[in-house]
Amino acid sequence: QVQLVESGGGLVQAGGSLRLSCAASGGTLSTYNCGWFRQAPGKEREFVAGIAWRTGITTYADSVKGRFTASRDNAKNSMYLQMDSLKPEDTAVYYCNVGPPFTGRYYSDDYWGQGTQVTVSS
């Protein structure tokens with residue numbers, strides 16, 4: 001059972017930056033697709049960024065492309081989301097997750113953690 005713990009959220013002004021971390025245990029991130037998701041109040045959870053398990057190639061939602069950078073540190077078994085040029089609409093609870101290889105999925109239903117709150121003020 002993979003356990004994931006997000007951290008690094010906080011309050012930041014529009015245009016600012018924030019770096020989120022996700023520490024994993026019980027599994028090796030490099031053997032999973034890694035993903036970042038977010039959910040704003042009253043809205044559905046949405047995909048933000050993904051890292052392919054085999055190649056490490058990243059994929060981003062159009063809304064964050066060019067502003068966010070997802071990465072994975074295999075030695076630390078952690079993943080990160082560097083968020084730059086933040087906008088108020090980025091305000092949400094951010095979650096990391098992992099998906100089984102060969103599935104093309106970046107999450108597993110049982111692995112959702114508590115998330116970390118990101119609030120961007122204008």
Side-chain angles (χ1 to χ4, degrees):
Q1 178 71 34
V2 178
Q3 293 178 308
L4 303 166
V5 180
E6 302 93 342
S7 63
L11 176 64
V12 65
Q13 290 184 320
S17 298
L18 211 57
R19 183 174 183 260
L20 306 184
S21 298
C22 174
S25 61
T28 302
L29 290 184
S30 63
T31 65
Y32 292 87
N33 296 315
C34 298
W36 285 97
F37 301 80
R38 67 187 182 187
Q39 186 170 26
K43 297 183 179 180
E44 296 181 356
R45 184 157 48 210
E46 64 176 341
F47 170 80
V48 174
I51 306 172
W53 72 273
R54 179 177 62 84
T55 64
I57 294 175
T58 52
T59 303
Y60 300 94
D62 288 340
S63 59
V64 306
K65 193 173 299 181
R67 299 187 298 117
F68 290 10
T69 304
S71 62
R72 181 179 64 208
D73 187 332
N74 292 335
K76 296 182 178 180
N77 205 33
S78 299
M79 65 176 98
Y80 307 92
L81 185 67
Q82 177 67 43
M83 304 183 293
D84 299 318
S85 301
L86 283 163
K87 304 175 181 179
E89 50 263 46
D90 294 319
T91 295
V93 177
Y94 283 71
Y95 303 87
C96 60
N97 210 324
V98 296
F102 302 107
T103 67
R105 195 168 71 169
Y106 291 90
Y107 71 93
S108 301
D109 290 338
D110 294 337
Y111 295 164
W112 296 111
Q114 296 300 306
T116 185
Q117 176 70 49
V118 172
T119 302
V120 184
S121 62
S122 59

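- For Thr119, the side chain to side chain contact (heavy atoms under 4.5 Å, CB included) partners two or more places apart in sequence, or in a different chain, are Leu11, Thr91, Gln117.
- Ser78 and Ala23 get closest at one heavy-atom pair: OG-CA, 3.9 Å.
- The heavy-atom pair separating Leu4 from Ala24 by the smallest distance is CD2-CB, 3.6 Å.
- Under the 3.5 Å distance criterion, the side-chain polar atoms of Asn33 are matched with a main-chain donor or acceptor of Trp53.
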Q | Residues Asp90, Lys87; criterion salt bridge (Lys or Arg N to Asp or Glu O under 4.0 Å); working and verdict | A | CA-CA 5 Å; Asp90 294 319; Lys87 304 175 181 179; over 6 Å; no
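- When all heavy atoms of Arg72 and Ala52 are compared, the pair lying nearest together is NH1-O, 3.6 Å.
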Show me the donor-acceptor pairs, under 3.5 Å and distance only, between side chains in residues 106-116 and residues at least two apart or in other chains.
from	atom 1	to	atom 2	distance (Å)
Ser108	OG	Val98	O	2.7
Thr116	OG1	Gly9	N	3.0

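- In this structure Glu89 satisfies the salt bridge (Lys or Arg N to Asp or Glu O under 4.0 Å) test with no other residue, sequence neighbours excluded.
- By the 4.5 Å heavy-atom criterion applied to side chains, Arg38 and Val64 are counted as neighbours.
- Residues Trp36 and Met79 have side chains in contact (heavy-atom distance under 4.5 Å, counting atoms from C-beta outward).
- Heavy atoms from other residues, nucleotides or ligands lying under 6.0 Å from CD of Gln1 number more than 12.
- Applying the disulfide bond (SG atoms under 2.5 Å apart) rule to pairs touching residues 35-118 yields Cys22-Cys96, sequence neighbours excluded.
- Residues passing the side chain to side chain contact (heavy atoms under 4.5 Å, CB included) test with Ala40 are Lys43, Ala92, sequence neighbours excluded.
- Side-chain contact check for Tyr60 versus Thr69: some heavy-atom pair is nearer than 4.5 Å.
- Annotation for Arg45 and Tyr95: closest pair CD-CD1, 4.1 Å, computed over non-hydrogen atoms.
- Legend: disulfide bond (SG atoms under 2.5 Å apart) pairs involving residues 47-86, not counting sequence neighbours: none detected.
- Taking CG of Leu20 as the reference point, atom CD of Gln82 lies at 8.5 Å (rounded to 0.5 Å).
- Of all the heavy atoms in Leu18 and Gly8, the pair that sits closest is CG-O, 3.5 Å.
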